[in-house]
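Numbering of ligands and ligand atoms starts at 1, following listing order.
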Amino acid sequence: MSKIIVIIGAPGAGKGTQSRLLSEKYGYPQISTGDILREMAQADTPLGRKIKETMASGKLVSDEILAEVILARTSQPDCQEGYILDGYPRTLEQAHLLEDLARKQQKSVVFMRVGVHEETLFKRLTGRRTCAKCGEIYNVYLRPPKIEGVCDLDGAPLTHRSDDNPESVSKRLEEYRQSTAPLIDYYRESGRLVEVDGELPVEEVFDKLRAVIESSDGQ
Ligand code: AMP
């Protein structure tokens, strides 16, 4: 049965990094709702402006908009064998939609949580820099590039997300505690959640996630 791989975690927990590695390993597309919304926010339309404003404030974009995004993206042919959700679901309503979707698409779901302490999250987010070309993620405190502001891999400039400033980060973490953290209990209670320590080095977290995926029957 084809799989939906779900990685749940606070902003800065490493969802993006791990989803990318898993995507390379299994050939499933990485669906980052944050990336899709950032792209939509560039359009100078009422919808684009609304999304941009919400993201800048550190709040969550509405479940209705997310439903459209996720239905449209997961209906693409490249999702047929399976896909990785990076940043979805983030509310209980989104979790319910995902359950319906998995049933309709006849896919099993693997839920994994990457847990990281709050002090680490703050440092990871405010120090994060991303390669504009290949998407490689650096951190000015924890994993600086060899040359400041330049990607080690392809020499492209590194970008700093506009919502990775201390004020937006505090709001995003607050939004996470309020809206997304309850999802962890929801999945935990139903016995479907596998938890991985996100403080471990990237490669070790990756190995653990891989082991979960390979041992799961997807239920
Ligand atoms: P991310 O790149 O995953 O950190 O997401 C950046 C921002 O996009 C979040 O702070 C939200 O404003 C928005 N966003 C991403 N995914 C979702 C989602 N599943 N539900 C609501 N808002 C989202």
Side-chain angles (χ1 to χ4, degrees), residues 4-23 29-43 47-74 79 83-102 109 111-116 118 120-132 135-139 158-184 186-187 198:
I4 302 172
I5 298 169
V6 176
I7 303 187
I8 298 173
K15 298 187 297 291
T17 301
Q18 296 298 335
S19 301
R20 243 174 101 222
L21 293 171
L22 292 170
S23 171
Q30 169 191 3
I31 302 182
S32 157
T33 45
D35 284 350
I36 296 173
L37 292 168
R38 265 185 288 282
E39 180 89 35
M40 291 169 78
Q42 302 208 338
L47 178 65
R49 285 191 288 272
K50 187 169 151 195
I51 293 175
K52 191 173 184 176
E53 218 171 88
T54 309
M55 290 177 83
S57 74
K59 296 217 170 85
L60 292 182
V61 174
S62 74
D63 288 332
E64 292 71 29
I65 293 177
L66 262 295
E68 283 182 31
V69 164
I70 215 78
L71 289 175
R73 180 62 188 89
T74 66
C79 291
Y83 52 87
I84 302 164
L85 291 178
D86 161 13
Y88 189 97
R90 262 167 147 114
T91 64
L92 277 172
E93 189 168 331
Q94 294 180 13
H96 294 141
L97 184 128
L98 176 60
E99 275 155 29
D100 288 345
L101 192 67
V109 191
F111 296 97
M112 299 183 291
R113 182 214 176 184
V114 182
V116 172
E118 195 143 314
T120 316
L121 296 174
F122 203 83
K123 218 170 193 180
R124 283 193 186 174
L125 291 165
T126 54
R128 175 161 65 181
R129 301 290 183 276
T130 309
C131 173
E136 183 75 3
I137 299 169
Y138 297 86
N139 188 291
L158 300 183
T159 57
H160 187 198
R161 269 173 54 170
S162 58
D163 61 350
D164 277 346
N165 65 78
E167 199 189 329
S168 295
V169 165
S170 300
K171 289 195 189 134
R172 285 159 65 202
L173 292 176
E174 178 56 31
E175 182 71 287
Y176 171 78
R177 280 191 291 273
Q178 276 187 16
S179 307
T180 309
L183 275 186
I184 295 170
Y186 172 73
Y187 288 128

Practice item. Check whether any N or O atom of Y88, backbone or side chain, sits under 3.5 Å from an N or O atom of ligand 1, and answer yes or no. Key: no

Check your understanding: If you measure every N/O of P11 against every N/O of ligand 1, is any gap under 3.5 Å?
Key -> no

Practice item. Identify, for atom 16 (N) of ligand 1, the protein heavy atom at the shortest distance, and state residue, atom and that distance. Key: T33 OG1, 2.8 Å

**Study point:** SB check D163 K59 (cutoff 4.0 Å)
**Key:** no

Exercise for review: Could you see which bit of M40 sits under 4.0 Å from ligand 1, with heavy atoms only: side chain, backbone, both or neither?
Suggested key: neither

Check your understanding: Can a salt bridge be assigned to the pair R177 and E174 using a cut-off of 4.0 Å between side-chain N and carboxylate O?
Key -> yes

Check your understanding: Out of K15, M55, R90, whose heavy atom is nearest to atom 1 (P) of ligand 1?
Key -> R90

Review point. What part of E175 sits under 4.0 Å from ligand 1 if we count only heavy atoms: the side chain, the backbone, both or neither?
Key: neither

Exercise for review: Please confirm whether G87 comes within less than 3.5 Å of ligand 1 when only nitrogen or oxygen atoms on both sides are compared.
Suggested key: yes

Practice item. State plainly whether the residues E175 and K171 are in salt-bridge range, i.e. N to O under 4.0 Å. Key: no

Practice item. Could you find the nearest protein heavy atom to atom 14 (N) of ligand 1 and give me its residue, atom name and distance? Key: L37 CD1, 3.4 Å

Point to revise | Under 3.5 Å: N/O of D35 near N/O of ligand 1 | key: no

Point to revise | Q94-ligand 1 polar pair, N/O distance under 3.5 Å | key: yes

Point to revise | Shortest protein contact, atom 4 (O) of ligand 1 (heavy atom only) | key: R161 NH2, 3.1 Å

